[in-house]
Asker: 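Structure below; questions to follow.
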Amino acid sequence: MVEEKNNETESRIGGKRLYFLPFIGLAAGIVLGLIIRIPIPPAYVRYLGISVLAALDSSLGGLRASLEKQFNDKLFITGFFSNTIMAGFIVYVGDRIGVPELYLAAVVAFGVRLFRNLALVRRYVFQRHHWE
Amino acid sequence: MRKFLRIQATRRDITITIICIIVGFLLVTQLLGQSAMSRQLRAQSEQDLGEIIHELSMETDELGAEIVDLRVQLVRYQQRAADEKAILNEARRNLQDLRIAAGLEKVKGSGIRMVITDSKGIVCVFDFLDIVQELKVAGAEAISVDDIRVVTRTFFEERKGKIYVNGKERIYSPYEVKAIGEPETLYQAINLAGGCKDKLSSLEGVYLKITKEENLVLSARGSAIKNQYAKPIRE
């Protein structure tokens with residue numbers, strides 16, 4: 001069965017064809033989330049939101065790094081988890097200490113990076129396709 | 001394990017896949033939580049609105065009851081004010097009457113005027129006392145002799161044939177006695193047979209003229225009344 005897999009689906013082999021892998025991973029995560037529905041207390045939905053933003057920013061940053069051939073997996077992993085967890089935590093602390101505007105600061109910080117990475121990724125993709 | 005399955009999974013790709021799974025999972029969880037929260041909020045606000053309406057209607061009732069209470073109070077206070085005004089007016093009238101009786105006010109009214117001419121100096125203190133007494137009996141409200149108001153503390157003296165009122169003021173013939181009251185009653189009191197007129201006229205050299213007047217003006221007592229020994233008993 002494995003060999004069949006090998007023959008039929010070359011695109012599934014990890015390595016060079018990395019384009020589909022992220023989407024498969026994403027789909028798997030979505031399905032997983034729909035199956036395992038973790039109820040979030042409404043009070044904390046805000047913090048999860050900022051964590052998601054940080055995760056998206058990290059992911060896009062990772063994509064950019066890989067397009068620049070500068071991807072460092074250890075750096076990426078640590079950065080991803082660190083940002084995602086700390087973003088929510090820092091905004092929560094901000095609410096507690098009476099600085100609810102910290103949420104805004106986090107949004108701006110991650111949002112700016114996100115859009116910058118997005119622009120760079122677009123440029124790299126454009127370069128690649130332009131040359132091909 | 002990897003080589004067995006002949007999937008050349010680079011470390012990078014595994015990382016990416018895992019990360020993507022996590023991101024997908026987080027996204028879905030967040031979306032679900034967000035929509036659940038907004039639904040809850042909407043439901044809550046309906047509930048809240050219901051509560052708010054209930055509270056407001058209770059408040060309206062309370063305020064309505066308060067308005068009724070306040071109106072009742074207002075009527076009571078107005079009533080009391082009117083009563084107090086009446087009491088005050090009565091007190092004022094009392095005061096005025098007493099002041100007149102005490103000779104503290106300049107008064108005017110109808111009454112009689114007597115002019116007693118005494119050429120021989122026969123008229124004495126007792127005659128004046130009789131006159132004043134008769135006038136009081138006839139209901140005189142204010143009396144004056146030679147423009148000196150006659151009140152409770154007023155006294156007549158005779159020193160060396162001269163008549164003094166209140167110790168200092170000398171009165172001369174012709175003596176003018178004014179009295180405010182019911183003119184007819186006062187006139188009759190003096191004129192009565194055997195009364196003052198007859199008594200005085202019988203004296204030698206004494207002539208008496210009485211007239212009824214409409215607008216007599218009697219001046220007030222000169223000095224204030226001071227009590228040194230008499231003290232009121234407050235019960």
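Predicted, not measured: the structure shown is a model, and the values here were computed from it. Below, chains carry the letters A, B, ... as their sequence lines are ordered, and counting in each starts from 1.
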Asker: Using a 4.5 angstrom heavy-atom cutoff, name the option from A/Ala28, A/Gly62, A/Gly49, A/Ala43 with the most pairs to chain B.
Answerer: A/Gly49
Asker: Cut-off 3.5 Å, side chains only: do A/Asp95 and A/Tyr47 have a donor facing an acceptor?
Answerer: yes
Asker: Under a plain distance cut-off of 3.5 Å, with no hydrogens placed, do B/Tyr164 and B/Glu158 share a side-chain donor-acceptor pair?
Answerer: no
Asker: Please determine, among A/Ser59, A/Gly29, A/Pro42, A/Pro41, the option with the most heavy-atom pairs under 4.5 Å with chain B.
Answerer: A/Gly29
Asker: To the nearest 0.5 Å, what is the distance between OG on A/Ser66 and CG on A/Asp73?
Answerer: 12.0 Å
Asker: Report yes or no: do B/Gln47 and B/Glu51 form a side-chain donor-acceptor pair below 3.5 Å?
Answerer: no
Asker: Under a 4.5 Å heavy-atom cut-off, does chain B meet the side chain of A/Thr84, its backbone, both or neither?
Answerer: side chain
Asker: If I measure from the heavy atoms of chain A, does B/Leu26 come under 4.5 Å with its side chain, its backbone, both, or neither?
Answerer: both
Asker: Quick check on A/Leu26 against chain B: is it the side chain, the backbone, both or neither that has a heavy atom closer than 4.5 Å?
Answerer: both
Asker: Out of A/Leu34, A/Ile38, A/Val45, return the one with the most heavy atom pairs under 4.5 angstrom to chain B.
Answerer: A/Val45
Asker: Got B/Ile180 and B/Leu218 here, is their nearest side-chain heavy-atom distance under 4.5 Å?
Answerer: yes
Asker: When you check the gap from the basic side-chain N to the acidic O, do B/Glu46 and B/Arg42 get nearer than 4.0 Å?
Answerer: no
Asker: Distance only, no hydrogens: is a donor on one side chain within 3.5 Å (strictly under) of an acceptor on the other, for B/Asn227 and B/Arg153?
Answerer: yes
Asker: Is it the backbone or the side chain of A/Phe81 that comes under 4.5 Å from a heavy atom of chain B, or both, or neither?
Answerer: side chain
Asker: Looking at chain A, which one of B/Thr17, B/Ile19, B/Val23 has the largest number of heavy-atom pairs inside 4.5 Å, strictly under?
Answerer: B/Ile19
Asker: Just so I understand: if I count every heavy-atom pair under 4.5 Å between each of A/Val52, A/Val31, A/Ile40, A/Leu48 and chain B, which residue has the most?
Answerer: A/Leu48
